[in-house]
Chemist: 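Take a look at this one; I'll ask things after.
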Amino acid sequence: MNQPSPAPGTAEALRHRETLPYRHVLTLPTMPGAVRLARETAEQALTEWGIGLRHPTVDPALLILGELVTNSVRHAAVRSPQLTVIYAAGPDSLVFAVHDRHPYRPPLYGAYGGGTGGLATVMELTLGLGGSAVVRPDADGQGKSIWITLPL
């Protein structure tokens, strides 16, 4: 389940790049204002990429993004002064990730059905849209990214 991204320059990496031609990366201080900035940036990027804000996936995607950034702010700020949001899209998918330098990797699929708010909401919305979620650790084990893939 925790598969690394394709190695740069490989055929798999080139296919990945072709299927997700739109990309944006945003690094923010791990502070409460990061949630608003991450959502506003997502809205701007989606609009620039031709994905209408009224698309049925957009509102849930923004809520998922807000929950993930909020979790980084609440739980990782002590060890991670910055967080990074990666946005990507292709003709049939929207992908985003939130990265911080806290080593804890939450069990995403254990959160689904077993709680309220936070990761339970993320998983309920993600799976309800037919999407997927994965936690990818940093190479040094001292941080992680939570990747969300949603169909468009």
Side-chain angles (χ1 to χ4, degrees), residues 1-28 30 33-73 75-76 80 82-102 104-139 143-152:
M1 190 180 297
N2 289 338
Q3 299 174 359
S5 296
T10 64
E12 185 181 354
L14 294 174
R15 280 192 303 278
H16 190 69
R17 187 176 312 136
E18 291 169 2
T19 61
L20 295 172
Y22 302 109
R23 298 158 188 264
H24 185 75
V25 177
L26 176 68
T27 300
L28 298 164
T30 311
V35 178
R36 180 182 51 80
L37 289 171
R39 285 179 58 107
E40 288 174 355
T41 301
E43 290 172 345
Q44 182 178 354
L46 293 171
T47 300
E48 289 175 8
W49 299 341
I51 301 170
L53 297 181
R54 292 186 179 198
H55 188 287
T57 299
V58 170
D59 278 343
L62 293 174
L63 180 55
I64 292 166
L65 176 64
E67 289 289 342
L68 293 177
V69 174
T70 296
N71 283 350
S72 286
V73 169
H75 304 295
S80 182
Q82 295 181 324
L83 63 91
T84 301
V85 182
I86 302 160
Y87 310 88
D92 60 358
S93 63
L94 172 62
V95 178
F96 54 90
V98 177
H99 174 266
D100 64 51
R101 291 291 293 161
H102 194 288
Y104 178 69
R105 295 186 313 243
L108 298 178
Y109 289 89
Y112 182 62
T116 59
L119 290 178
T121 299
V122 166
M123 293 309 298
E124 181 176 349
L125 290 170
T126 299
L127 297 175
L129 290 167
S132 63
V134 64
V135 179
R136 292 194 173 135
D138 290 357
K144 83 294 198 166
S145 298
I146 299 179
W147 287 86
I148 304 292
T149 302
L150 302 172
L152 287 176

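Start at 1 with the first residue, then count along the sequence.
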Chemist: Between Ser93 and Leu20, which heavy-atom pair has the shortest distance, and what is it?
Modeler: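 Where Ser93 meets Leu20 most closely, the heavy atoms are OG-CD2, 3.4 Å.
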
Chemist: Counting distance only, does the side-chain N/O of Thr57 pair as donor-acceptor with the main-chain N or O of Pro151 below 3.5 Å?
Modeler: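 Indeed, once roles are kept as given, a pair shorter than 3.5 Å links the two residues.
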
Chemist: Answer whether the closest heavy-atom distance between the side chains of Ser72 and Ile146 falls below 4.5 Å.
Modeler: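 No; the side chains remain at least 4.5 Å from each other.
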
Chemist: So how far is it from Leu62 CG to Glu43 CD, rounded to the nearest 0.5 Å?
Modeler: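 Result: 5.5 Å between the selected atoms.
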
Chemist: Can you tell me how far apart CG (Leu150) and CG (Leu129) are? Round to the nearest 0.5 Å.
Modeler: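 Between atom CG of Leu150 and atom CG of Leu129 there are 5.5 Å.
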
Chemist: Just so I know, are the side chains of Val122 and Leu63 near enough to count as touching, which here means a heavy-atom distance under 4.5 Å?
Modeler: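 No, side chains not in contact.
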
Chemist: About how many Å separate CD of Glu40 and CG of Leu26, when rounded to the nearest 0.5 Å?
Modeler: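 With rounding to 0.5 Å, CG (Leu26) is 10.5 Å from CD (Glu40).
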
Chemist: I need the minimum non-hydrogen distance between Ala34 and Leu83, along with the two atoms involved.
Modeler: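 So the two residues come closest at CB-CD2, 4.2 Å.
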
Chemist: For side chain to side chain contact (heavy atoms under 4.5 Å, CB included), just list the numbers for Thr27 and Val85, CA-CA rounded to whole Å, side-chain angles, deciding distance to a tenth of an Å, and then say yes or no.
Modeler: CA-CA 6 Å; Thr27 300; Val85 182; over 6 Å; no

Chemist: If you round to the nearest 0.5 Å, how far is CD1 of Ile64 from CD1 of Ile148?
Modeler: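 It comes to 6.0 Å.
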
Chemist: For Gln44 and Glu48, test the side chains for any donor-to-acceptor distance below 3.5 angstrom and give the result as yes or no.
Modeler: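 Result is yes, a qualifying pair exists.
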
Chemist: So Tyr22 and Ile51, do their side chains get closer than 4.5 Å, heavy atoms only?
Modeler: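 The answer is no, as the side chains (C-beta and beyond) never meet within the 4.5 Å cut-off.
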
Chemist: Measuring only between side-chain heavy atoms, which start at C-beta, is Leu94 closer than 4.5 Å to Leu46?
Modeler: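 The answer is yes, as the side chains (C-beta and beyond) meet within the 4.5 Å cut-off.
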
Chemist: About how many Å separate CG of Leu65 and OH of Tyr87, when rounded to the nearest 0.5 Å?
Modeler: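 Answer rounded to 0.5 Å: 5.5 Å.
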
Chemist: Is there side-chain contact between Leu108 and Val134, with at least one heavy-atom pair below 4.5 Å?
Modeler: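 Of all side-chain heavy-atom pairs linking Val134 with Leu108, none is under 4.5 Å.
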
Chemist: Give the minimum heavy-atom separation between Pro106 and Leu119, together with the two atoms involved.
Modeler: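 Scanning both residues, the minimum pair turns out to be CB-CD1, 3.4 Å.
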
Chemist: Grab the two heavy atoms, one from Ala38 and one from Val69, that are nearest each other, plus how far apart they are.
Modeler: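 In this case the closest contact between Ala38 and Val69 is CB-CG2, 3.9 Å.
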
Chemist: Hey, could you give me the NE2/OG distance between His99 and Ser80, rounded to the nearest 0.5 Å?
Modeler: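 So the NE2 of His99 and the OG of Ser80 are separated by 7.0 Å.
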
Chemist: Are Asp138 and Lys144 ion-paired here, with the side-chain N under 4.0 Å from a carboxylate O?
Modeler: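 Between Lys144 and Asp138 there is no salt bridge, as every charged N stays at least 4.0 Å from the carboxylate O atoms.
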
Chemist: Measuring only between side-chain heavy atoms, which start at C-beta, is Val73 closer than 4.5 Å to Thr30?
Modeler: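 Yes, at least one pair of side-chain atoms sits under 4.5 Å.
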
Chemist: Over all heavy atoms of both residues, which pair between Phe96 and Ala61 is shortest? Give the atoms and the distance, please.
Modeler: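 Result for this residue pair: CZ-O, 3.6 Å.
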
